[in-house]
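Computation of the quantities below employed the complete heavy-atom set of this structure, encompassing side-chain atoms and omitting hydrogens, waters and symmetry-equivalent molecules.
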Amino acid sequence: MKVTLAKTAGFCYGVRRAVELAEQTAQSGRPCVMLGSIIHNDHVVAHLARQGMGRVDRVEDVPEGFAVLIRSHGEAKAVYDRLQERGLPVVDATCPSVARIHRLVQEAEVRGRQPVIIGLPTHPEVVAIAGWCRSPVVLEDDAALAKWLSEDEKRRSMPLTFVFQTTSTRETWKNCEKFAKKECTNAELFDTICNATARRQSEAQELAAQSDVMVVIGDHQSSNTRHLAELCRQCCDQVYWVEQAAELEPERWGEASCVGITAGASTPGWIIKEVKTKMSNETKMEIEESFAEMLEKSIKTLNTGDKVVGTVVQITPTDIQVDLGTKHAGYISMSEFSDDPSVKAEEVLKPGDQIEVLVLRVNDSEGVVSLSKKRLDANKNWEEIEAAKENKTVIEATIREENKGGVVANYKGVRVFIPASQTGLRRNEPMTGLVGTTVKMHITEVNRSRRRVVGSIRSVLSEERAARSKAIWDSIEVGKHYSGTVKSLTSYGAFVDIGGVDGMVHISELSWSRIKHPSEVVSVGDPVEVYVIKYDPEKKKISLGMKDPNENPWETFLNRYSVGDVATVKVVKLMSFGAFAEVVPGVDGLIHISQIADHRVEKPEDELKEGDIVDVKITDVNLETRKVSLSRRAVLQGAGAEDEE
């Protein structure tokens, strides 16, 4: 027969903490009584009685001079008030998860909201929670909620705050959440179900589905054990709920080959061990030999400033609950989770994840430890920054704001100031455009005591540009094409950055057409395609061209015209010796002053002006010098006029 024990069987951290506190108090010799059963398990109560821990049911029954141990289920505020009136010292073993619910309902009423407690009305935990409200509403499940709302239509619009008994099932939570969101117009719901309980229930169901027989161990007064048994019966036909090994009747199990075991949160390890040993002498459970040893090994000392690793138990809108494996409940407030406001805890964490944190404060009286992930990360991040400066490592950070004299970046929660001179921008260029961008930088100064860090974007850009420049000069050759960006314009050309090196495109190489200024073709910032005409590695000069050889206007001209043809041209420039006219875009011809008219002309402007459209005869084409001679006189006089001249 295969016997399988659920991983989460037995004490939860809240019960473990309560029993540890009771055990330590009893062993200290301090006279103390527990107010009611510390947990729902008579065997544990009897064990503590043997240690000298008595039990009373009313505050009035506490002997004078005795301390009072508050059970894990908690007590109503009125009980604390009566204890204070009598001057009785309190050892509070309330489960931190339950204590959190006390605060939630109390704060809800302060905000003018109606607390609604979902749970078994007679359960001590629920009774205690209700005792922290002036006018609580206690409902067992979603059916009771529906009935309560139907009794008064005004209740649907009331500001309702829902909390749940920690041992409620996930099904109860989901049903109530769905119903409340649908029917109530002003409801807030806090998922106060203990995630350890939820994991225990889920694991028990999975094990029950794989087993022929399921054994659930726990006190018959335990609510969470009752829920475990109910859930297991949904997945397995043979489920036995026992308090101890003596109740087992294996002969009733027939030919069962697989038996699963789970236990409620109030079940001590020695009872689990007894049950498993009785069921199978061949399978030994790895558990401490005695209850006292088990407690001793589970106790850890926590001090402010300690780095500890815990398990995420629950994530709420206000904090993250962490099981540290001690009698303390750990909490990380959302303000201590991350310095980055865009980071959502529920998106990067889930219950069951391991998390390393820093201990901020230990409250032994409440059994609570305040933790911080943000500060632990900050310490690590300072170490990273110091290493980056030492090793001249490039880091990436996001620019958060523009500041007087520069910009401020955030590197994993550490503020880095970047002076304007180190931003990589030109003088007087606005720095606003950097805000919100992620940049690379070097760390140039670190002073952790003053929390001062200075960075430089410019140095990284210089290194990158130098690397790109070297790569270009190592591979440059005439005719090679590059994609570049226009950096600046002059009257004689444009300077283009081809990826770390600037080259110049002369105005004559910008366009096949005649232009007066480079701005007629390009603007600063334009992306352009260029090719190398020539270069000088020693002087670090590169001449570039932009004119596309496939668009050579001389090819167009020669394909369209020959010497002797008449062409319609546009006068583009007047000189003392004649006029230049555009034959086709990119090819100009000269109309000599003697060929402007069929009579003597003193000045070209006497007959022509820029922009005139005239007919001319092509009289000569010199391909070597790329010159074309034109005659308007020949057209005006007709054939033979030119020969006579």
Subject >> Verdict with reasoning, L371 to L360, per side chain to side chain contact (heavy atoms under 4.5 Å, CB included) >> reply: CA-CA 5 Å; L371 306 169; L360 296 184; 5.9 Å; no
Between [X] (side chain only) and [Y] (backbone N and O only), is there a donor and an acceptor less than 3.5 Å apart?
X: D353; Y: K350; value: yes
X: Y482; Y: V528; value: no
X: D497; Y: G500; value: yes
X: N391; Y: T393; value: no
X: N403; Y: G406; value: no
X: D526; Y: V522; value: no
X: T490; Y: G493; value: yes
X: D306; Y: N303; value: yes
X: K547; Y: S508; value: yes
X: R632; Y: I596; value: yes

Taking the side chain as C-beta and beyond, is there a heavy-atom pair between [X] and [Y] under 4.5 Å?
X: L608; Y: L574; result: yes
X: N186; Y: R113; result: yes
X: T192; Y: F162; result: no
X: F417; Y: V453; result: no
X: F179; Y: K174; result: no
X: M575; Y: F580; result: yes
X: L544; Y: I533; result: no
X: I542; Y: W473; result: yes

Subject >> Working for side chain to side chain contact (heavy atoms under 4.5 Å, CB included), residues V496 and T485 >> reply: CA-CA 5 Å; V496 176; T485 303; 5.8 Å; no
Ionic contact status for [Y] with [X], cut-off 4.0 Å:
X: E445; Y: K389; value: no
X: D377; Y: K373; value: yes
X: E356; Y: K307; value: no

**OP:** Classify the ring geometry between W132 and H102 as parallel (under 30°), tilted (30 to 60°) or perpendicular (over 60°).
**Re:**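 The arrangement is parallel - the two ring planes meet at less than 30°.
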**OP:** Check the angle between the aromatic planes of F557 and Y561 and answer parallel, tilted or perpendicular using the 30° and 60° thresholds.
**Re:** tilted
Donor + acceptor pair across side chains of [X], [Y] (<3.5 Å):
X: S97; Y: Q321; answer: yes
X: D319; Y: S333; answer: no
X: E529; Y: S483; answer: yes
X: Y411; Y: E396; answer: no
X: S459; Y: H442; answer: yes

Heavy-atom pair of closest approach, residues [X] and [Y]:
X: F164; Y: F190; result: CD1-O, 3.5 Å
X: M546; Y: V505; result: N-CG1, 4.1 Å
X: V571; Y: A579; result: CG1-CB, 4.4 Å
X: I418; Y: A409; result: CD1-CB, 4.2 Å
X: K627; Y: W554; result: N-CH2, 4.0 Å
X: G455; Y: T444; result: N-OG1, 4.1 Å

Can you tell me how far the [atom1] atom of [X] sits from the [atom2] atom of [Y], to the nearest 0.5 Å?
X: K374; Y: N381; atom1: NZ; atom2: CG; answer: 12.5 Å
X: I193; Y: D191; atom1: CD1; atom2: CG; answer: 5.5 Å
X: M504; Y: S488; atom1: CE; atom2: OG; answer: 10.5 Å
X: I515; Y: I507; atom1: CD1; atom2: CD1; answer: 4.5 Å
X: L558; Y: L623; atom1: CG; atom2: CG; answer: 5.5 Å
X: S629; Y: H592; atom1: OG; atom2: NE2; answer: 9.5 Å

Check whether more than 12 heavy atoms from other residues, nucleotides or ligands sit under 6.0 Å from atom [atom1] of [X], and answer yes or no.
X: K440; atom1: NZ; answer: no
X: R111; atom1: CZ; answer: yes
X: E390; atom1: CD; answer: no
X: K573; atom1: NZ; answer: no

Original post:
Run the side chain to side chain contact (heavy atoms under 4.5 Å, CB included) check on S519 and V521 step by step: do they pass?
Top reply: CA-CA 5 Å; S519 59; V521 180; over 6 Å; no
**OP:** Give the intermediate values and the outcome of side chain to side chain donor-acceptor pair (under 3.5 Å) for residues T311 and D323.
**Re:** CA-CA 5 Å; T311 303; D323 183 0; 5.9 Å; no
**OP:** Could you list the residues that satisfy ring pair (Phe, Tyr, Trp, His ring centres under 6.0 Å) with H517, not counting sequence neighbours?
**Re:** none
Subject >> E582 and K570: CA distance, side-chain angles, deciding distance, salt bridge (charged side-chain N to carboxylate O under 4.0 Å, His left out) verdict >> reply: CA-CA 5 Å; E582 182 184 71; K570 178 182 178 180; 5.9 Å; no
**OP:** Step by step, work out the salt bridge (charged side-chain N to carboxylate O under 4.0 Å, His left out) result for D502 and K541.
**Re:** CA-CA 8 Å; D502 288 351; K541 290 185 178 181; over 6 Å; no
**OP:** Verify side chain to side chain contact (heavy atoms under 4.5 Å, CB included) between I399 and V439, making sure each step is shown before the conclusion.
**Re:** CA-CA 7 Å; I399 305 296; V439 297; 3.8 Å; yes
**OP:** Given salt bridge (charged side-chain N to carboxylate O under 4.0 Å, His left out), test E177 with K181 step by step and report yes or no.
**Re:** CA-CA 6 Å; E177 180 187 39; K181 287 183 176 180; 3.2 Å; yes
**OP:** With salt bridge (charged side-chain N to carboxylate O under 4.0 Å, His left out) as the test, would you mind laying out the steps for R415 and E401 before giving the verdict?
**Re:** CA-CA 11 Å; R415 186 177 184 273; E401 60 181 276; 5.0 Å; no
